[in-house]
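Here's the structure, in structure tokens; my notes come after.
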Amino acid sequence: SQQGEEDPQALSIQEGENATMNCSYKTSINNLQWYRQNSGRGLVHLILIRSNEREKHSGRLRVTLDTSKKSSSLLITASRAADTASYFCATDGGMFSGGYNKLIFGAGTRLAVHP
Amino acid sequence: DTEVTQTPKHLVMGMTNKKSLKCEQHMGHRAMYWYKQKAKKPPELMFVYSYEKLSINESVPSRFSPECPNSSLLNLHLHALQPEDSALYLCASSQVDRGTYEQYFGPGTRLTVT
């Protein structure tokens, strides 16, 4: 079942602009992850933020988490054409099953960065 | 080596065929996953293996049969598939511990059922 909802569904920007994607989820979580998927390929992990963290940075990426609102945002600064991809948030739904992660993915945001 | 490999990259099969998808990782991960992804949709979990034992089967039809021969390999055996099973099949692996870790994904197998 799908827990995360993302908006916008699609985002089109120019190179150099910032891109912001939002994710909302329904149940409590232990952590939230963001993944990127280039067209028709595997997913690449970008960043993991734990439920007791509010903000995390990795290079041009900034992720925030608001557990009171059950929402997260991913900001990509100074975007490049190579950032064109689909971006998914994924939560563990607060579940821990003794040794593996059952990730629940949001619907994803398709980002297009134009040169 | 932080790579998950999948073979084949593309597969076209008829509804009466039997085929297998293969996945391999050498990161020492003891959890391995199969996902199915339709176009413009998020990945949907199918199966989870933890320490080579099937831990989760997300009510997947029996025409999909997973197998984990050892800690590095994961197979998905396909038989009597339907056209609606056409999709990108993704394999992933992760650490196993008290906590959540990132999953490492392979490039996927693009399956077309005719």
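Just so we're on the same page: letters track the sequence lines, and every chain starts at 1. Because the structure is predicted, anything quoted here is derived from the model rather than measured. Atoms considered below: every heavy atom in the structure, side chains included; atoms not considered: hydrogens, waters and symmetry mates.
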query = In terms of heavy-atom proximity below 4.5 Å to chain B, should Gln9(A) be classed as side chain, backbone, both, or neither?
reply = neither
request  = Count the heavy atoms of every other residue, nucleotide or ligand shown that sit under 6.0 Å from NZ of Lys18(B), and state whether that count exceeds 12.
outcome  = no
Shortest non-hydrogen separation from Phe105(A) to Pro42(B) and the atoms involved = CB-CB, 3.8 Å
message = Contact between Lys102(A) and Glu58(B) at the side-chain level, heavy atoms closer than 4.5 Å - yes or no?
response = yes
message = If I take atom NE2 from residue His45(A) and atom CZ from residue Phe105(B), how far apart are they, to the nearest 0.5 angstrom?
response = 10.0 Å
message = Can you tell me how far apart CZ (Phe88(A)) and CD (Gln37(B)) are? Round to the nearest 0.5 Å.
response = 5.0 Å
ask   = Has Arg80(A) got more than 12 heavy atoms of other residues, nucleotides or ligands less than 6.0 Å from its CZ?
value = no
message = Just to verify, what does Glu52(B) make a salt bridge (Lys or Arg N to Asp or Glu O under 4.0 Å) with, not counting sequence neighbours?
response = Arg30(B)
ask   = Should the heavy atoms of other residues, nucleotides or ligands under 6.0 Å from NZ of Lys19(B) be counted, would the total exceed 12?
value = no
query = CD/Glu102(B) to CG/Leu43(A) distance, rounded to the nearest 0.5 angstrom?
reply = 12.0 Å
task = Tell me whether Phe64(B) is reachable from Met15(B) by hopping between hydrophobic residues (I, L, V, M, F, W, Y) whose side-chain heavy atoms are closer than 4.5 Å.
result = yes
request  = Flag yes if Leu54(B) and Leu76(B) sit in one hydrophobic cluster, no otherwise; membership is Ile, Leu, Val, Met, Phe, Trp, Tyr, and two members link when side-chain heavy atoms are under 4.5 Å apart.
outcome  = yes
request  = Drop me the distance from Arg41(A)'s CZ to Lys9(B)'s NZ, to the nearest 0.5 angstrom.
outcome  = 7.0 Å
